[in-house]
Amino acid sequence: MHRFFRMAILSFILLPLLGFAAPNVGQLAPDFALADLAGKSVKLSALKGKHVVLEWVNPDCPYVRKHYDSANMPGLQKEYRGKVTWLTINSTREGHSEFKSPQQMQAWMKEKDAAPAATLLDRDSKVGRLYGAVTTPHMYVIDPKGTLVYVGAIDDKRSTNPADVKTAKNYVRAALGETMAGKPVSTASTTPYGCTVKY
Amino acid sequence: MPLRRTVFSVLSIAAAAVVAAPVKTDHVAAELVAERTAAMPGTTLTVGLRLRIIPHWHTYWRNPGDSGEPTALEWRLPAGWSAGPIQWPAPRRLPAGPLMNFGYEDEVLHLVDIAVPPNAAGVPAVATGVAKLEAHARWLVCNPERCIPEEGDVAIELPVGAGEPSAAAPAIARTRAALPVHARGMRFAATRSEAGVELEIDPPPGTATYFPFEQGKIHNAGWQVLDGMVLKIPKSPQPVGAFTRVAGLLVTDKQAVEIDVPVTFGAGKLPGLAIAALFAFAGGLILNLMPCVLPVLSIKILGFAARAGGDGPDKVRAMRVHGALYALGVVLSFLLLAALLELLKSLGNEVGWGFQLQSPVFVALLLALFFALALNLSGFFEFSFVLSSELKSKNKHADAFLTGVLAVAVASPCTAPFMGAALGYALAGGAAEALAVFTALGAGMALPYLLLAWNPGWLRWLPKPGAWMIRFKQLLAVPLYATVLWLGWVFALQSGLLASSSGWEKFSVEKIRQYEKQGRPVFVDYTAAWCVTCQVNKQLVLSRPDVEEALRGSGMALLRADWTRRDEEITRALAALGRKGVPVYAIYRPGRATELLPELLTRDTVFAALKQQP
């Protein structure tokens, strides 16, 4: 038993150092706090009891543009407004050429008519790494107990063509539909597609 | 769409020369090249999409890794001409921060085989004697900072005729020589570990990197450590589906090979062997309680005890010798079974496991054997008369030994339901493992007899033979009857007594080619009546009304390749897919890589595959 505890403690110390111990479906979503575009802090653990969607975004990514130019992502955000807390996170590292200031991010979200509950800047990419976010977009759905119930792609058409949105199966809508009806999510993990998160 | 660049090509035509029109974008110069200066009717002409990429940018392999998209080609060819899939060169690992992509830098040549029909010049499009091969190429080009989707129309004009090697021929030959090949002269074994999968490579290479065909299985950016002959492949931190096969490219310091190795749970390793032997030993012990064996044990031992009479030291010694010889008979019989199994296995390795069931004669013999065993268990007749009549051998020692052999023979109908695990283990492992497991099984079975021969007094602890034995035997007959029915069905299909199911066309390579020419994708179900997985997939997935409807509505041609009987054409088609057995579910799409569905089908995977159409 002692050895087991030693191992457990050791892994708790070592895992964050490895940097990419991504949480999985069925596990608790790790807590974080990030500033929104107005500078107000949003803390995940304060949202317990609600369904939460985490969406990784980067306005300069052609795959993200596909879903914003086609109004797919803003439409989804509006569809679940008031029922789900939708957090759009930009983990582009400050200093990267595609980094966006809060003002730039605000302007872009407005132009695209986006409607998340909050847009969060993850300037040092810490939360992106914490969640193992790989691409933009990369989607996470969290149930009211704080458990991850979906991790993966936005839909099944892995392309930059906005026309594909119409015929694609939207995994996030399917997951939200099932989890909000109290059912288990049938497609709980998929391979995300898009641009690499700019760590 | 400011980032989307559509670039149009300008074509210049010069007779009797390979004319390519390069497409230039901000990051890539793309052109189509051909190996020869003309297209010879009735032959295969290799062409290549050459991408010259500006420094520090890259395009992607068929599995792009953590992000990205593979380069794609949509062909527009003269009627009757058809293009094969892109032949992907081995990619490189391209790190992007903590993430990893698989792709190409600087320059890459994507080879495609074009089938030139025998009447190549006869189609209207080639009326002038010059054929135009066109493709719409789409690629995603990225550097660690950003990604740009680009596309363009590439084309090449070729006269129909003999021609000669073109200026691009050496580059195409070099690329072809470096393409991944099927692994020959190498052995692989993959076992699951805490961190992922350990791939054993024999002979061990100097360096090795694994590139999976499928996404969501490995941790793309994770370090793959080569430790002697074992390559440690870390699993994905957010896996999609189970990591059950190491299927992809293995790039070593010597070559790039294509592999497909099933992942096992540590079978074949020494601790695994010890445990398997222990279980086999316990299984052997339990065999003695089986209704087939128990009477032998009781009757024989009681017989010895009676004949031995008193407790004279000679009598005791005689009984012990008798017991030891019986034990020897049992163990040797099991070793014989193990050797037989190894023989079957070595044949199976050559032809693909399950091959024996392709022969109607073999199926008929098996059918008769199982039927006899089932009847025996149901009590229609008994083998045991051989034993009860006693082997009146002059030689008492030979008598004891043969009794041991016969006990194994008589026990075999009972062992069938219990030997599954041992058989499976022996099949998965090597010859040494099989021998060890079967020896343990024999030792377990012989031990109680040996003990009783030493201490006949212990006999009273055994359960009394009685009516329960008969009922138990009858129960064991049920799975055997089921097997008999299944074999009967296989036999009926093989001998043409039953027609195979409808809605599907009979498979032929020619048909695939014809449909591909029509631009129609083809779904091929490689199956066999004796393949249980195939039947499960058929019953639970392919024959479902909604799946059947979706398949029919998909516009795909549906072909069924029935391998129930030996069929050279199917064997070759399977080999072309890198497979030796069934089930295999393949979707052939014109101008695209053949897609293989997983062996265990689900409704969702079929639907997902259908959705990917054109």
Side-chain angles (χ1 to χ4, degrees), chain A residues 15 18-25 27 58 60-66 69-70 91-93 96-99 125 128-129 131-138 140 148 150-153 155-162 164 167-169 186-199, chain B residues 1-5 60 63-70 72 94-101 138-151 195 212 214-223 234-242 602-605 607-614:
Chain A
L15 280 181
L18 292 176
F20 242 72
N24 234 323
V25 167
Q27 292 173 352
N58 171 7
D60 286 336
C61 167
Y63 293 89
V64 170
R65 283 173 178 256
K66 163 193 173 184
D69 291 348
S70 64
S91 285
T92 307
R93 144 180 71 81
H96 190 282
S97 61
E98 289 177 358
F99 177 78
S125 308
R129 283 172 194 267
Y131 274 79
V134 167
T135 59
T136 51
H138 197 162
Y140 295 74
L148 281 166
Y150 176 77
V151 175
D155 63 26
D156 65 346
K157 286 267 155 94
R158 316 171 69 83
S159 77
T160 49
N161 185 358
D164 284 341
T167 52
K169 179 190 159 138
S186 46
T187 305
S189 55
T190 60
T191 306
Y193 71 89
C195 312
T196 45
V197 173
K198 300 301 185 281
Y199 287 116
Chain B
M1 217 137 317
L3 287 168
R4 216 183 159 97
R5 283 166 173 74
Y60 293 90
N63 168 6
D66 283 326
S67 62
E69 205 174 304
L94 302 163
L99 309 177
M100 186 65 69
N101 289 122
R138 277 178 290 120
W139 61 86
L140 185 73
V141 60
C142 302
N143 72 357
E145 297 278 301
R146 65 187 69 240
C147 275
I148 317 287
E150 294 182 341
E151 56 192 316
E214 235 187 303
Q215 292 190 302
K217 299 289 184 270
I218 76 162
H219 183 198
N220 293 322
W223 283 1
K235 66 182 173 198
S236 167
Q238 287 171 340
V240 179
T602 65
R603 189 175 154 270
D604 288 346
T605 48
F607 281 163
L610 292 182
K611 257 198 194 154
Q612 280 189 22
Q613 288 249 65

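Quick note on labels: first sequence line is chain A, next is B, and so on, each numbered from 1. This is a predicted model, so every value here is computed, not measured.
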Under 4.5 Å from any heavy atom of chain B, what part of A:Thr190 do you find: side chain, backbone, both or neither? backbone
Honestly, the part of B:Pro239 sitting under 4.5 Å from a heavy atom of chain A is both
Who pairs with B:Pro212 by side chain to side chain contact (heavy atoms under 4.5 Å, CB included), at least two apart in sequence or on another chain? B:Asn63, B:Phe102, B:Tyr210, B:Ile218
Just wondering, are more than 12 heavy atoms of other shown residues or ligands nearer than 6.0 Å to CD in B:Glu214? no
Chain A contact via B:Asn101 - which portion, at a heavy-atom distance below 4.5 Å: side chain
Sort A:Lys169 into side chain, backbone, both or neither according to what part of it lies under 4.5 angstrom from a heavy atom of chain B. both
I'd like to check the salt bridge (Lys or Arg N to Asp or Glu O under 4.0 Å) partners of A:Arg158; sequence neighbours left out, ordered by chain and number. none
Sort out for me which of A:Thr167, A:Thr135, A:Thr92, A:Thr191 touches chain B most, counting heavy-atom pairs under 4.5 Å. A:Thr191
Looking at B:Pro237, is its backbone amide N or carbonyl O close enough to the side chain of A:Asn24 to form a donor-acceptor pair, meaning the two atoms are under 3.5 Å apart? yes
Distance in Å, B:Ile148 CD1 paired with A:Cys61 SG, rounded so as to fall on 0.5 Å steps: 10.0 Å
Candidates B:Ser67, B:Cys142, B:Cys147 - the one meeting side-chain contact (heavy atoms from CB on, under 4.5 Å) with A:Thr196: B:Ser67
Take B:Glu69 and A:Tyr63, measure what side-chain hydrogen bond (donor to acceptor under 3.5 Å, both in side chains) needs, and give me the verdict at the end. CA-CA 11 Å; B:Glu69 205 174 304; A:Tyr63 293 89; 2.6 Å; yes
Measuring only between side-chain heavy atoms, which start at C-beta, is B:Arg146 closer than 4.5 Å to A:Ser97? yes
